[in-house]
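The residues of the chain are indexed from 1 along the displayed sequence. All ligand and atom numbering here is 1-based and tracks the order in the structure. Just so you know, these numbers use all the heavy atoms, side chains as well, and skip hydrogens, waters and symmetry mates.
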Amino acid sequence: MNKPKVIVTRHLPCEVEAQLTQLYDVQLNESDVPLSADELKHALQTADAVLTTVTDAITADVLSVPNKRAKIIGQFGVGYNNIDIQAAKAEGITVTNTPHVLTDCTADIAMLLLLMSARRAAEGERLILNKQWTGWTPTQLLGQKVTGKTLGLIGFGRIAQAMAKKAHHGFDMNIIYYTPTSTPEQAVLNDLKATRCSSIDELLAQADFVSLHCPSGATTKHLINEARLKLMRPTAHLINTARGDVVDSNALIKALKEGWIAGAGLDVYESEPNLNPEFLTLNNVALLPHLGSASHETRTAMGNRVLANIDAFFAGHEPCDRVV
Ligand code: 8YV
């Protein structure tokens, strides 16, 4: 029997590519240049499976290309806001993602940004890099103590809970959270001594650090807007490792400039990689280039999870991470 044809849109960790090559008739992307819309359409017409990432815009237009051969899109990532899920469903294409394996690494990056923002780490490093550090002074770059402060989590899924665990057990932080959807396990809540807020606004008013962990979508676009930034404490910090469009970046820039909040730590942006250039002019923001899951172990595990999903699909089984 012929091996299924698999097109991979980006360069993946070597172990994953080696495994794919062994199991499938695979087309890799060694140059790692993202595919255009036409190339994505062609991939859907010529492969049985297309392996995508956050940088591939799998729109309704792309999905509606005639004479499709692809039956499954294996997304490398837990978020899948780059794929029009309703359109995929209408076209009868299965979509899978890679939850669980990136939970800890993404929570680590959220914690890193929280610490960087609180302790003005990015600003301090810029001082050294710009050769402007003239020596220690008792009042230089005073930031905020993290230990014992209140962390407010918007969204309380796997990554938020992992961050809460690190913050509570490692930094003695008080945990408050808001979620409109899930009902967290009582054992988790007891372990974290976590308190539920009845609204986002209530959480914003109480938190010293606000960390975003909700998916991107119509209901969360610009969830953090001017009005909500004004509800935060002037000493508070906003951390975003979710998706850029959850925050109105113009409003955030205004808030950082005018001191409505003390700082922000960002890993994700609206229109990546073209972040609003005004962010580069601000001192009170720590900026990372979408590193949430970027560790060798995690990216390999994500690749293996995509493989497990497409292997199951081609073996006629239910893939473990089916989205639609
Ligand atoms: C991924 C992420 O690496 O999994 C996600 O949703 O945000 C990242 O950590 C990236 O999206 C790859 O698709």
Side-chain angles (χ1 to χ4, degrees), residues 6-17 20 28-29 32-35 40 43 49-59 62 72-85 88 95-114 153-163 166 211-217 220-221 223 239-247 265-275 287-310 319-324:
V6 174
I7 293 183
V8 186
T9 64
R10 302 301 300 266
H11 177 41
L12 297 181
C14 302
E15 303 89 315
V16 179
E17 290 193 345
L20 278 163
L28 301 173
N29 180 359
D32 205 22
V33 177
L35 304 189
L40 289 169
V50 182
L51 270 49
T52 57
T53 74
V54 70
T55 52
D56 302 309
I58 312 293
T59 59
V62 167
I72 178 166
I73 294 175
Q75 167 85 347
F76 178 89
V78 68
Y80 45 81
N81 58 306
N82 56 302
I83 303 172
D84 188 323
I85 292 298
V95 177
T96 59
N97 69 341
T98 61
H100 304 287
V101 289
L102 45 63
T103 299
D104 263 309
C105 269
T106 309
D108 289 350
I109 287 283
M111 208 58 219
L112 172 69
L113 284 168
L114 185 156
L153 297 145
I154 296 182
F156 203 56
R158 290 177 294 263
I159 298 172
Q161 290 181 24
M163 183 188 190
K166 292 166 204 291
S211 190
L212 304 175
H213 299 278
C214 49
S216 160
T220 57
K221 187 173 164 68
L223 188 81
I239 311 303
N240 191 7
T241 56
R243 282 294 181 261
D245 62 1
V246 177
V247 179
L266 308 176
D267 190 42
V268 288
Y269 308 89
E270 295 189 276
S271 333
E272 292 178 17
N274 304 312
L275 60 159
L287 305 167
L288 295 180
H290 202 147
L291 293 182
S293 60
S295 71
H296 289 294
E297 297 90 333
T298 295
R299 288 283 163 84
T300 303
M302 287 163 69
N304 289 336
R305 192 102 189 177
V306 180
L307 265 161
N309 281 311
I310 62 166
C320 54
D321 307 313
R322 180 193 281 274
V323 176
V324 283

Suppose I only count heavy atoms of [X] and a 4.0 Å limit; which atoms of ligand 1 are within that range?
X      : value
Leu102 : 4 (O)
Arg243 : 2 (C), 5 (C), 6 (O), 7 (O), 11 (O)
Gly79  : 4 (O), 5 (C), 6 (O)
Arg299 : 3 (O)
Thr53  : 13 (O)

Next on the checklist: Does anything in residues 6-15 form a salt bridge (Lys or Arg N to Asp or Glu O under 4.0 Å)? List the pairs, not counting sequence neighbours.
Outcome noted: Arg10-Asp32
Next on the checklist: On a heavy-atom basis, I'd like to know which of Ile159, Val101, Val54, Asn82 is closest to atom 11 (O) of ligand 1.
Outcome noted: Val54
Item to check | Between Gln161 and His213, a side-chain donor and acceptor under 3.5 Å | outcome: no
Checklist entry - With distance as the sole criterion, is a donor-acceptor pair present between the side chains of Gln75 and Asn82 under 3.5 Å? => result yes
Next on the checklist: Tell me whether Glu270 contacts the main-chain N or O of Gly244 through its side chain, where contact means a donor paired with an acceptor under 3.5 Å.
Outcome noted: no
When you measure from [atom] to every protein heavy atom, which one gives the shortest distance, and what is it?
atom                    : value
atom 13 (O) of ligand 1 : Phe76 O, 2.5 Å
atom 1 (C) of ligand 1  : Ser293 OG, 3.4 Å
atom 2 (C) of ligand 1  : His290 NE2, 3.6 Å
atom 4 (O) of ligand 1  : Val78 N, 2.7 Å

Next on the checklist: With heavy-atom distances below 4.5 Å as the criterion, would you say the side chains of Val323 and Thr96 are in contact?
Outcome noted: no
Next on the checklist: Is the shortest side-chain heavy-atom distance between Arg299 and Phe76 below 4.5 Å?
Outcome noted: yes
Next on the checklist: Strictly by side chain to side chain donor-acceptor pair (under 3.5 Å), give each pair with a member in residues 97-107 just once, sequence neighbours left out.
Outcome noted: Asp104-Lys166
